[in-house]
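As structure tokens, the structure follows; a few thoughts come after it.
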Protein chains: 2
Amino acid sequence: MAKTVSERNDVLPILGEIFREYGFSGASLAVITARTGLGKGSLYHFFPKGKVEMAEAVLNHIDQWFEENVYIPLRENQDPTAGINVMFQAVNDYFYSGNRVCLVGVFALDNTRDKFSKKINDYFSAWINSLAIALKRNGMSTHEAKIVSEDIVAGIQGALVLARSQNDPKVFTRTLKSLQKRALDR
Amino acid sequence: MAKTVSERNDVLPILGEIFREYGFSGASLAVITARTGLGKGSLYHFFPKGKVEMAEAVLNHIDQWFEENVYIPLRENQDPTAGINVMFQAVNDYFYSGNRVCLVGVFALDNTRDKFSKKINDYFSAWINSLAIALKRNGMSTHEAKIVSEDIVAGIQGALVLARSQNDPKVFTRTLKSLQKRALDR
DNA sequence: TATACTATGTACCAATTGGTACAACAATTT
DNA sequence: AAATTGTTGTACCAATTGGTACATAGTATA
């Protein structure tokens, strides 16, 4: 039983990369079996509801990671500035300094959003809200903190789009720097 | 012959909406025939190379629109501030105040990017460069203008992702205001 | 009105799609 | 070692995929 859980979890990162690259509808079972090395038998054993369940599991996995490495530091770090810096570092790492795209963003744009609307909505809400808390604890007004945190999360997503469109990860790191300054300069 | 061209052009906006909603791989010929009202016969008459040619035509169409309504005003308006304001107004209109997503952004994120990399790259480059010109003419240094225009275009793309993920167009209009201020405050 | 070109509907195609059924195999528990 | 449970490969399925062939219908020009 422990085996089951761990084997299933081991595939999630691979599935994540596949969905990132191909999008939901582009990720055919053919590429999924090829890249994971699991046959349909195993795949449907671990994810009886097929592709949808795979994507849900990946989204949950991502959510967990961000909760732990981004949202909690933002909300709970003694020093809000330190928390914000932790976020920027974690984000830079997570997106491989601009070489990796945001799965949630990929799903959000086209109509696969409808299949996972709650998860997608929650992901960005949690991020924006956590960041706003840190900004407030750092002296911003409630209103300004809301605006700025929205701007920053949007800026990160847009920077990923841009970096990928230009095939130039530096666009991401550059924009990220800019946003970090914006979060901390006061 | 004039008929041909106009009929073909008439379909482009519809095709654009389809690709926006479904992404490239999700946009099946079944939905394309249904939504455009054109059978395969006509479709492959106008676009002999199929889906790829349709998408290329749509991208060209978008490019033209932005050149005319966004890039030229930015680069050539007597008053750079006015040019920048024209851009923000045009962008707000084009994206239906946050109810519509950016096709180029949709294509950029997953691996359909590879099929249209040049067009996608050029779209954002032209936008960023044109905006940077206006910012410079408005007194910014070359370096700052580059950074800021990149931040703004990224911010717009991210705002579209966010607005769609939250199913709340106001996120877009809000962020757009924020960015406009950033472009003009000095 | 005859001619030429454009546009379209229909039938068809092989390949791929996501998914199911199930028998066989492997690993734990008892 | 027997029984139970977890895992996997294979064969199969109907539906859909993007695309082609082509005869016909429509339209403009000469």
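The analysis underlying the following values was restricted to heavy atoms, covering all of them including side chains, and did not include hydrogens, waters or symmetry mates. Here is how names work: the chains are called A, B, and so on, in the same order as the sequence lines, proteins then strands, and each is numbered from 1.
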For this session: Report the distance from atom CD of B:Glu7 to atom C1' of D:dT27, rounded to the nearest whole Å.
Result: 11 Å
Exercise. For the pair made of OH in B:Tyr44 and P in C:dC13, what is the distance, rounded to whole Å?
Worked result: 18 Å
For this session: Measure the distance from CG on A:Leu29 to P on D:dT16 and round it to the nearest whole Å.
Result: 16 Å
For this session: Starting at atom CG of B:Leu38, determine the distance to atom P of D:dA25, rounded to an integer number of angstrom.
Result: 20 Å
Exercise. Does B:Arg174 pair with A:Glu150 as a salt bridge, N-O distance under 4.0 Å?
Worked result: yes
Problem set entry | Side-chain N,O (A:His45) to OP1/OP2 (D:dT8) below 4.0 Å | no
Seminar exercise, completed: When rounded to whole Å, the NZ to C1' distance for the pair A:Lys51 and D:dT16 reads 13 Å
Exercise. Do the ring planes of B:Phe66 and B:Tyr123 sit parallel (below 30°), tilted (30 to 60°) or perpendicular (above 60°)?
Worked result: perpendicular
Exercise. Nearest-Å distance, OH (A:Tyr22) to P (D:dT17)?
Worked result: 20 Å
Exercise. Side chain of A:Lys40, base of C:dG19: donor and acceptor closer than 3.5 Å?
Worked result: yes
Problem set entry | Whole-Å gap separating P (D:dT20) and NZ (B:Lys49) | 12 Å
Exercise. Is any side-chain N or O of B:Ser42 closer than 4.0 Å to OP1 or OP2 of C:dA7?
Worked result: no
For this session: Return the orientation label for the A:Trp127 and A:Tyr71 ring planes: parallel under 30°, perpendicular over 60°, tilted otherwise.
Result: tilted
Exercise. DNA chain C: A:Gly41 or A:Ala27, which has the more 5' nearest nucleotide?
Worked result: A:Ala27
Exercise. Atom CZ of B:Phe47 and atom P of D:dT20: how far apart are they, to the nearest Å?
Worked result: 15 Å
Exercise. What class does the angle between the rings of A:Tyr94 and A:Trp65 fall in, given that below 30° is parallel, 30 to 60° is tilted and above 60° is perpendicular?
Worked result: tilted
